[in-house]
Number of protein chains: 2
Amino acid sequence: MDPHLLTTFVTVARCGSFSAAATELGYTQSAISQQIAALEADLGLPLLSRRPVEPTPAGRRLLEHAEPLLLRLRAARADVLRAAAAPRHRIGLAVTPLGFTADLADRLARARAAWPLLEVTVVTCGRERVAVLVAEGEADLGLVDGLAAPSDPLRPPDAGPLTTTGVSEEDVVVALPAGHPLAGRAALRLADLADARWLRTPLCPLPRLRALAGDGFPVALEHRGDDVRTLIALVAAGHGLTLLPASALRTPGGAVGVPVSAPRLVHRVELLHGTLPPGPAADLARALTG
Amino acid sequence: MDPHLLTTFVTVARCGSFSAAATELGYTQSAISQQIAALEADLGLPLLSRRPVEPTPAGRRLLEHAEPLLLRLRAARADVLRAAAAPRHRIGLAVTPLGFTADLADRLARARAAWPLLEVTVVTCGRERVAVLVAEGEADLGLVDGLAAPSDPLRPPDAGPLTTTGVSEEDVVVALPAGHPLAGRAALRLADLADARWLRTPLCPLPRLRALAGDGFPVALEHRGDDVRTLIALVAAGHGLTLLPASALRTPGGAVGVPVSAPRLVHRVELLHGTLPPGPAADLARALTG
DNA sequence: TCTGTTTACGAGATACGTAACTATG
DNA sequence: CATAGTTACGTATCTCGTAAACAGA
């Protein structure tokens, strides 16, 4: 169960090929073969079926453990190094598109005005990637958003001991094309829209929606990407529905938002960070949650 | 960050000595020295101050990561092996003393009557150890108890992806000597007892109590061990107070229980297990959760 | 000086690459 | 027959143990 071997195993499983993993990791095919053989000998189990290369049941089980384990290992390393390093004025902020609300942008602006030395880099990416960046220390702070029952915490991926702090909660609206028959309603119940056509987008994960509101919500069109304007344009053109925080729909774009009355849902934003040493990063964390 | 080196580091830190760790791990003192040097070189940081051997700040930080990390590594290995192994009729059940209530003992008896092939081994130990035993597969099922606000889950130690299921909730009582001035009361508020003298015992962790009910609860006497009868005897003799689930005080022993009216607290028992393959272990889990 | 850690060095084990081999589609 | 994984084997590296050097109490 050497992490070195686990890394190789994960890579081979992802690539579906020994040789592809070899070039990716900078080894020979032969080395990969020997590493996998060593891992299988160590556990006494076949982990991959060859030709085609696919994880066996035991291999699938191991994969479920290996990925978070390797992440935690990198996170631990990063955390120790970060704690020992001198406090930096260069702060990395990883955000999900809907996590970085206008309100937070304002707070960030005020913080930068108050501390002119502060240099901030903002990276936009998906929820899991935010957690990984923060855990591995590539970002000092993270902002993730998600749907939740009121005052329920989000469940960030298990990337080690990260602190999460609630930053804001906001109403959720259903985004509809302006001419939609329901667009004039004062409020809607999600159950009434379970048979409508929905957009599959990383900005509003349907599995989460189904967990909170029940089955249904068939997919009309898939959207890959982080851009909210694209999503709103898709809704406005009638390609399907999605849920958004109320504030995201205030910009004009041909789509209108109707509040969700049941179930009680909020769009929640949480700040994510490791143990911060006193310094600019901790100051900024306070400014953003304050 | 080789786990091998991490294990050595954790052992040295615990022993406070290179040579002691060497004998414990079956290496020479020299090998330990080289391993620690390798780890420090890898991270580029001193992790231990020598003479006396004590973790540096960076070392302390690493220790916080290393212990759960190594536990998860062992847990992952155990889980993969367990999933691949044939279902066994020999079930290991790890329980905290107060987690194994009379009700659960009954359910276990009924389960054994229903499945005569079932062989059960029960091990009593502390909360953390239960989690470790289950995570590492030495026990198939665990029962842990703890104080919590009603319907709040307990927080088991992070030993990997374990499933927890609430099994029972029961009222909490303050255990008092029979002649105690408050022994006749119908109910008590914990805040009124924050200045009384309490027993420090693993069966009722005071830090948890303080987290739920506020500061105070000074220690009169320390009790090490798992035995409830000893604890009740200590209470009866007036050495100090403690909290117990109501049912634990129904056996005669010179101590009486007075219900806690505020804050709202329950004694909660949870079943802990990894992903169980269909078989005796899963059957027993169902029988215990009822 | 005595205890306990570090360093030097050699032996054994390990891990990788080359290249020949084998199995499968 | 070609593509892709395995096996054999030589070499470089690593890790540990022995033993000598070194540093605090």
Side-chain angles (χ1 to χ4, degrees), chain A residues 1-60 62-63 66 69-70 73-74 77 80 84, chain B residues 1-60 62-63 66 69-70 73-74 77 80 84:
Chain A
M1 295 274 299
D2 179 355
H4 188 197
L5 302 184
L6 285 182
T7 310
T8 305
F9 173 63
V10 168
T11 309
V12 171
R14 179 164 40 77
C15 296
S17 147
F18 281 50
S19 10
T23 53
E24 179 170 329
L25 294 171
Y27 286 112
T28 30
Q29 194 190 31
S30 163
I32 303 298
S33 183
Q34 294 177 51
Q35 290 177 18
I36 298 295
L39 191 59
E40 290 181 323
D42 174 35
L43 289 170
L45 294 169
L47 298 171
L48 293 167
S49 70
R50 322 297 155 96
R51 228 185 268 264
V53 172
E54 271 189 334
T56 62
R60 271 194 296 278
L62 180 59
L63 271 179
L69 230 130
L70 292 170
L73 201 63
R74 291 192 300 272
R77 182 189 183 82
V80 172
Chain B
M1 296 274 299
D2 179 356
H4 189 198
L5 302 183
L6 285 181
T7 310
T8 306
F9 172 64
V10 168
T11 309
V12 171
R14 178 164 40 77
C15 296
S17 150
F18 281 51
S19 8
T23 53
E24 179 171 328
L25 295 171
Y27 285 112
T28 24
Q29 197 188 29
S30 163
I32 304 297
S33 183
Q34 294 177 52
Q35 289 176 20
I36 298 296
L39 191 57
E40 290 181 324
D42 174 35
L43 289 170
L45 294 169
L47 298 170
L48 293 168
S49 71
R50 322 296 156 97
R51 234 183 259 272
V53 172
E54 270 188 336
T56 62
R60 270 194 296 278
L62 180 59
L63 271 179
L69 221 114
L70 292 171
L73 201 62
R74 290 193 301 271
R77 183 190 182 81
V80 172

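Order of the sequence lines sets the chain letters (A, B, ...), proteins ahead of strands, with each chain counted from 1. Worth saying up front: this structure is predicted, and the values here are computed from it rather than measured. Computation of the quantities below employed the complete heavy-atom set of this structure, encompassing side-chain atoms and omitting hydrogens, waters and symmetry-equivalent molecules.
To the nearest 0.5 angstrom, A:T28 atom OG1 is 12.5 Å from A:F18 atom CZ. Rounding to the nearest 0.5 Å gives a distance of 8.0 Å between CZ of A:R60 and CD of A:E54. Once rounded to the nearest 0.5 Å, the distance linking CD1 of B:I32 with CZ of B:F9 reads 13.0 Å.
OP1 or OP2 of D:dG5 lies within a sub-4.0 Å distance of a side-chain N or O belonging to A:S19.
At least one side-chain heavy atom of B:R14 sits less than 4.5 Å from a side-chain heavy atom of B:E24. Looking at heavy atoms from C-beta onward, B:Q29 lies out of side-chain contact with B:T23 at the 4.5 angstrom threshold. Taking 4.5 Å as the limit, some side-chain heavy atom of B:Q35 sits within range of a side-chain heavy atom of B:Y27. Between A:T8 and A:V12, some side-chain heavy-atom pair lies under the 4.5 Å cut-off. Put simply, the side chain of B:T56 does not reach to within 4.5 Å of the side chain of B:L48, judged on heavy atoms.
Remark: P of C:dG4 and CG of B:L48 are 16 Å apart, rounded to the nearest angstrom. Spacing between atom CD1 of A:I36 and atom P of C:dA15 amounts to 14 Å, rounded to whole angstrom units. With rounding to whole Å, A:L39 atom CG is found 12 Å from C:dA15 atom P. Between the CG atom of A:D42 and the C1' atom of C:dA15 there is a distance of 15 Å, given to the nearest Å.
In this structure, B:S33 reaches the bases: a heavy-atom distance under 4.0 Å links it to at least one base atom across the strands shown.
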Could you list the protein-to-nucleotides 12-18 of chain D atom pairs, N/O on both sides, closer than 3.5 Å?
unit_1: D:dC16; atom_1: OP1; unit_2: B:Q35; atom_2: NE2; d: 3.1
unit_1: D:dC16; atom_1: OP2; unit_2: B:Q35; atom_2: NE2; d: 3.4
unit_1: D:dG17; atom_1: OP2; unit_2: B:T28; atom_2: N; d: 3.1
unit_1: D:dG17; atom_1: OP2; unit_2: B:T28; atom_2: OG1; d: 2.4
unit_1: D:dG17; atom_1: O5'; unit_2: B:T28; atom_2: OG1; d: 3.4
unit_1: D:dG17; atom_1: O6; unit_2: B:Q34; atom_2: NE2; d: 3.2
unit_1: D:dT18; atom_1: O4; unit_2: B:S30; atom_2: OG; d: 3.0

Can you check nucleotides 22-25 of chain C for protein contacts, nitrogen or oxygen pairs under 3.5 Å, and list what you find?
unit_1: C:dA23; atom_1: N3; unit_2: A:R51; atom_2: NH2; d: 3.4

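Between the B:E40 side chain and the B:L47 main chain, a donor and an acceptor come within less than 3.5 Å of each other.
For DNA chain D, none of the residues of residues 6-18 of chain B falls under the heavy-atom distance limit of 4.0 Å.
For the side chain to side chain contact (heavy atoms under 4.5 Å, CB included) criterion with B:L39, the lone passing option out of B:L62, B:L45, B:D2 is B:L62.
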- Query: Between B:S30 and B:Q34, is a side chain to side chain donor-acceptor pair (under 3.5 Å) present by the stated rule, with each step listed?
  - Reply: CA-CA 6 Å; B:S30 163; B:Q34 294 177 52; 3.0 Å; yes
